[in-house]
Amino acid sequence: MGYGELRVPTAIAVTGADMALPAQDERTLPAVVLDGLDRQPLDHSLAALQALIDQHGHVVVVYSRAVPPAVDQRLRTVRSLLESDRIALFQPALPPLGLAVLARQLRQLASCDLSPGVLASAGRLLTHYLHAGALLGSVAKLDRIPVGLRSHAKSWVPGAQFAVLAHPQPQLVRLAPDATLAGPEFATSMLVARGQLQSGWVSGALARSWRIQGLREAPLPAESAEWWGTGKLIEFCTFLPDLSVLYQLVTSVRQNICHWCGIDVIGDRCVFCSATAPVTSAPQQQQHQQQQPHELPAG
């Protein structure tokens, strides 16, 4: 496979124990759980993040857009007060279970010989290979993806259920015998988290139509009900489970050096200092792309 180990791996942190999924393989590193950021004193948060930087060198915090606003504010405050370019705050537009899966993939890759900048940038790349959605008992309060008026009206019908894909492309269908969602075009595993909804559709019909090669269950993340607008749901996410495949995907992408802080990154934005790559002229850009064929997908 060709990947080695780093002596001091970059820390992958999450904001709740329910976002720290069990290890996918023997190399998956433990997640650092930053729990209760909105309830603890500021100096406690500062000390915890400083200790992580001292121990690991760099920290990547992966967290949901459904966390309480105070959690997001505390993370940004701590990063600002520490004046540190060694803390990356990564908050992609994924549902909570999909985010937990992504954090675990980064924990897998953290054991490899990837620099902190490349590892942190890999989060954006790997989102393109996740399919995340849910089976919902109501879409009346779902505001994170487009929902038509007819679907809102039907959500008041007793017993109505809706199959929703949030990522990579939003899709919503009312559950029926022939209902289906656009799935991955490559072999994947699926993780399922059950809320207050009883149905075998996700682990049965959907898993078969998507040709899922491995299915496991996990507890429903605390932020899921807030993200989906209801506790009557079954959340799911498909992903690439093998470390060798993840490593090959990340290392096949062209790497750049951040012009501001000097670390290696993939893509056009440094996740640590937030600097974007300088704009190149069209002829130079075309020549550079011909020399380096692998690019990070847009998004």
Side-chain angles (χ1 to χ4, degrees), residues 14-16 18-19 21 38 62-72 90-103 123-124 126-184 188 190-207 209-210 212 215 217-239 299:
V14 293
T15 55
D18 56 348
M19 303 299 284
L21 296 175
D38 55 338
V62 185
Y63 63 111
S64 169
R65 296 187 181 184
V67 297
V71 172
D72 180 52
F90 188 44
Q91 199 178 21
L94 285 172
L97 186 65
L99 196 79
V101 167
L102 179 63
R124 181 175 159 222
L126 296 179
T127 60
H128 294 276
Y129 299 91
L130 299 177
H131 279 65
L135 183 66
L136 305 178
S138 170
V139 293
K141 296 182 179 180
L142 179 61
D143 58 4
R144 297 183 186 272
I145 66 171
V147 178
L149 291 176
R150 290 183 62 187
S151 296
H152 271 300
K154 290 178 181 177
S155 70
W156 297 102
V157 178
Q161 295 181 356
F162 298 85
V164 185
L165 190 66
H167 183 85
Q169 293 294 331
Q171 186 180 0
L172 185 151
V173 297
R174 186 176 180 182
L175 196 62
D178 60 345
T180 186
L181 294 172
T188 60
M190 177 183 280
L191 192 66
V192 178
R194 300 181 183 275
Q196 303 168 9
L197 189 66
Q198 299 297 320
S199 174
W201 182 79
V202 173
S203 56
L206 182 66
S209 67
W210 283 8
I212 298 301
L215 189 149
E217 296 202 10
L220 188 72
E223 289 93 6
S224 293
E226 164 67 23
W227 204 98
W228 293 103
T230 178
K232 296 181 178 180
L233 80 158
I234 300 174
E235 194 171 3
F236 57 85
C237 180
T238 67
F239 59 97

- Query: Looking only at atom types and distance, does a side-chain atom of Arg194 sit under 3.5 Å from a main-chain N or O of Leu233, one as donor and one as acceptor?
  - Reply: no

- Item | Value rounded to 0.5 Å, distance of CG in Leu220 from CG in Leu197 | 11.0 Å

- Query: Under 6.0 Å from the CD atom of Gln196, do we count more than 12 heavy atoms belonging to anything else shown?
  - Reply: no

- Item | Validation row: Pro68, Val71 side chains within 4.5 angstrom (heavy atoms) | yes

- Message: Tell me the closest heavy-atom pair linking His128 and Arg124, and the distance in Å.
- Response: CD2-O, 3.3 Å

- Message: Let's go through Leu206 and Phe236 carefully: what are the C-alpha distance in whole Å and the side-chain angles of both, what is the deciding distance for side chain to side chain contact (heavy atoms under 4.5 Å, CB included) to 0.1 Å, and is it a yes or a no?
- Response: CA-CA 10 Å; Leu206 182 66; Phe236 57 85; 3.7 Å; yes

- Item | Distance-only donor-acceptor check, side chains Ser224 and Glu235, under 3.5 Å | yes

- Message: Show the nearest heavy-atom pair for residues Ser138 and Ala140, with the distance to one decimal.
- Response: OG-N, 3.1 Å

- Item | Straight-line distance of Leu175 CG to Trp201 CH2, nearest 0.5 Å | 6.0 Å

- Query: Hey, what do you get for CG (Leu102) to CG (Leu97), rounding to the nearest 0.5 Å?
  - Reply: 11.5 Å

- Query: Quick check: does any side chain N or O of Gln91 sit under 3.5 Å from a backbone N or O of Ser64, one acting as donor and the other as acceptor?
  - Reply: yes

- Message: Ignoring hydrogens, what is the shortest heavy-atom contact between Ala225 and Gly231? Give both atom names and the distance.
- Response: CB-CA, 4.1 Å

- The reported gap from CG in Leu136 to CD1 in Ile234 (rounded to nearest 0.5 angstrom) is 10.0 Å

- Message: For the backbone of Leu181 and the side chain of Trp210, can you confirm whether one donor and one acceptor N or O come within less than 3.5 Å of each other?
- Response: yes

- Message: Go through it in stages, so that I can follow the logic: the residues are Ser199 and Gln161, the test is side chain to side chain contact (heavy atoms under 4.5 Å, CB included), and I'd like the CA-CA distance, side-chain angles, deciding distance and then a yes or no.
- Response: CA-CA 10 Å; Ser199 174; Gln161 295 181 356; 4.0 Å; yes

- Query: Thr127 and His167: which non-hydrogen atoms are nearest, and at how many Å?
  - Reply: O-NE2, 2.7 Å

- Query: Roughly how far apart are Thr238 OG1 and Leu191 CG, rounded to 0.5 Å?
  - Reply: 10.5 Å

- When every non-hydrogen atom of Leu165 is compared with those of Ala132, the smallest separation belongs to CD1-O, 3.5 Å

- Task: Please round to the nearest 0.5 Å and tell me the distance separating atom CZ of Arg65 and atom CD of Glu223.
- Result: 14.0 Å

- Message: Do Glu217 and Met190 make a side-chain contact, defined as non-hydrogen atoms from C-beta onward lying under 4.5 Å apart?
- Response: no

- Message: Quick one, Trp228 and Leu142 - any side-chain contact, counting heavy atoms below 4.5 Å?
- Response: yes

- Taking C-beta and beyond as the side chain, do Pro221 and Met19 meet within less than 4.5 Å on heavy atoms? yes

- All heavy atoms of Val173 vs all of Ala179, minimum pair found to be CG2-CB, 4.3 Å

